[in-house]
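What follows is a short report on a single structure.
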Amino acid sequence: MTYRNKRIIMNNIIMTLSTISAFIGLGFLFWILGVLVFNGIEALNLAIFINEGAPPGYEQSGLKHALVGQLLIVLYATAIGVPLGVMAGTYLSEYGQGSKLAETIRDISDIMMSAPSIVIGAFVYAIIVIPMGHFSGYAGAAALAIIMIPIILRTTDDMLQLVPSTLREAAFALGAPKYKVIIQVVYRGAKAGVLTGILLGIARVAGETAPLLFTSFNDNFMNTDMSEAMASLTVTMYNYATSPYEDWQRLGWAAAFILSMFILGLNIIGRLFLLRKRGK
Amino acid sequence: MATIIDVPEEKVLHVNNFEFTYASSETPNIKKLSMPIAKNCVTALIGPSGCGKTTLLRSFNRMHDLYPGNTYEGEVLFEGRNILDAKEDLIQLRTKIGMIFQKPTAFPMSIFDNVAYGLRLQGIKNKSELGDRVEKALKDAAIWNEAKDRLKHDANGLSGGQQQRLCIARAIAVEPEVLLFDEPTSALDPISTQGIEMLVSELKERVSIIIVTHNMQQAARVSDYTGFMYLGELIELGETEELFVTPKEKLTEEYITGKFG
């Protein structure tokens, strides 16, 4: 066999192996999505959005309590996590250039990003739930915010650093003070990227279950009081899906479907922002 | 040895025993440099890469202060004071001494907002005044005809040459005393380059101009005075024609005849 033939055969083997691997990976993804869509759509109806949770066997049961709870918890988490994350990222990129402190924060934040979310749930349980004496929506939002901060911090830092330094210099050369350079020029230049980071951060925490089990816990009925235990789609899904009742299991599928679509939507919007920016 | 003439015109800037050291450097990157900058004239700085001409230019609006650890020595006199003084109000200084960069630096906003940026920084909010001054600046920078129908459009939609003229409009809108040009045409095509050069010659009626260029023909075309720098020193400053035709220093002659650089 000539060297050339050997090379061609080797190339074909590697190509085939990697193509098969890619299809196996994608196969699982589509399998999951397929089952989810199939069962989810079947379980989906208008009543789900109108009715609250009910004991198994009741006709009029729904997910309104979980949807509202999920939205509230994520909203509060966003309200805490986004400003902190963006401002910390701004510090790293604009004020901490080359400083030891900034480097340390960057490293710690990277470690936090890969911390198991259940650990963060346990942490919030210890510092908020135990002193308060009961589970609460606030505790859930705090746990999600803590998970969100390092993600948003990192993307903000990266995106701001992509803004060319000549653009900053040009603004300084017109006599702009630093905060105006940052807000009016740097943020504007990095807008799409920072926004994408925020959306991906929200999408990431919206699917978390473990930290909520420790913090906001659950409530089978409608509750908009953040200082009380609160339902969320993820925890509701966990409870319903593991229950022996068929109607609860169907609601679990619906919750899974709604949550996945929400997260998929956020991801798609985030990517569209980036694409539009690159297209320019 | 160096041959540095005195200029007959009024001096807008006067550099005295100026030294500059980058944070990363142990020895000065610009050494004991003295030169006058004539008012309402174009002064070109030429020299091989790394000779310190851009470093010198960026000292005049204290651009080096954006990065920690850089140090200045000596004097740069402007309006009767040493602008290297630690107490100098850099924001004020930079509105008086503007800068045009090597690559066009259009901000990610509309054409109008780009030109209005410096004006708004000065607290001008009146819409009609802003409009008038933006229009005047765009006309003075010879880009009004191309820009007038799309003032609200994103400035990044303009070509490189147009963006550079937009940056000039933005810089002259705040009516500075001095404009620093840092190789303003090195990223542009020949026709855009010609446009910028014509603009430089017209603008000197109102502002004093210092231009750093790699292109000796450009220095010869646009400037009244030319300074030749080498290894952080000013070797020769003279009237442009004289410096190019009858250089006094051997190094200058070797550089302009292409023996090195």
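Predicted, not measured: the structure shown is a model, and the values here were computed from it.
For B:Ile97, the part sitting under 4.5 Å from any heavy atom of chain A is the backbone (N, CA, C, O) and nothing else. Contact annotation for B:Arg170: both backbone and side-chain heavy atoms come within less than 4.5 Å of a heavy atom of chain A. Of the two parts of B:Ala173, neither the backbone nor the side chain holds a non-hydrogen atom closer than 4.5 Å to a non-hydrogen atom of chain A.
When each of A:Ile147, A:Thr234, A:Val235 is paired with A:Glu208, the side chain to side chain contact (heavy atoms under 4.5 Å, CB included) condition holds for A:Ile147 and for no other.
Residues B:Ser192 and B:Asp189 have side chains that bring a donor and an acceptor to within less than 3.5 angstrom of each other. Side chains of B:Gln218 and B:Thr185: a donor on one and an acceptor on the other come within 3.5 Å.
For B:Tyr22, the ring pair (Phe, Tyr, Trp, His ring centres under 6.0 Å) test picks out B:Phe20, B:His64, with sequence neighbours left out.
Contact tally against chain A (heavy-atom pairs below 4.5 Å) for B:Ile91, B:Leu180, B:Asn61: the top residue is B:Ile91. Heavy-atom pairs under 4.5 Å with chain A peak, among B:Gln92, B:Gln102, B:Arg58, at B:Arg58. When each of B:Leu66, B:Leu93, B:Asn156, B:Thr95 is scored by its heavy-atom pairs under 4.5 Å with chain A, the top score falls to B:Leu66. Between chain B and the options A:Ser165, A:Ala176, A:Pro164, the largest number of non-hydrogen pairs under 4.5 Å is found for A:Ala176.
Aromatic ring pairs are classed by plane angle as parallel below 30°, tilted from 30° to 60° and perpendicular above 60°; the pair B:Tyr72 and B:Phe18 is tilted.
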- Could you go through the side-chain contact (heavy atoms from CB on, under 4.5 Å) check for B:His214 and B:Glu183 one step at a time? CA-CA 7 Å; B:His214 266 300; B:Glu183 297 180 42; 3.1 Å; yes
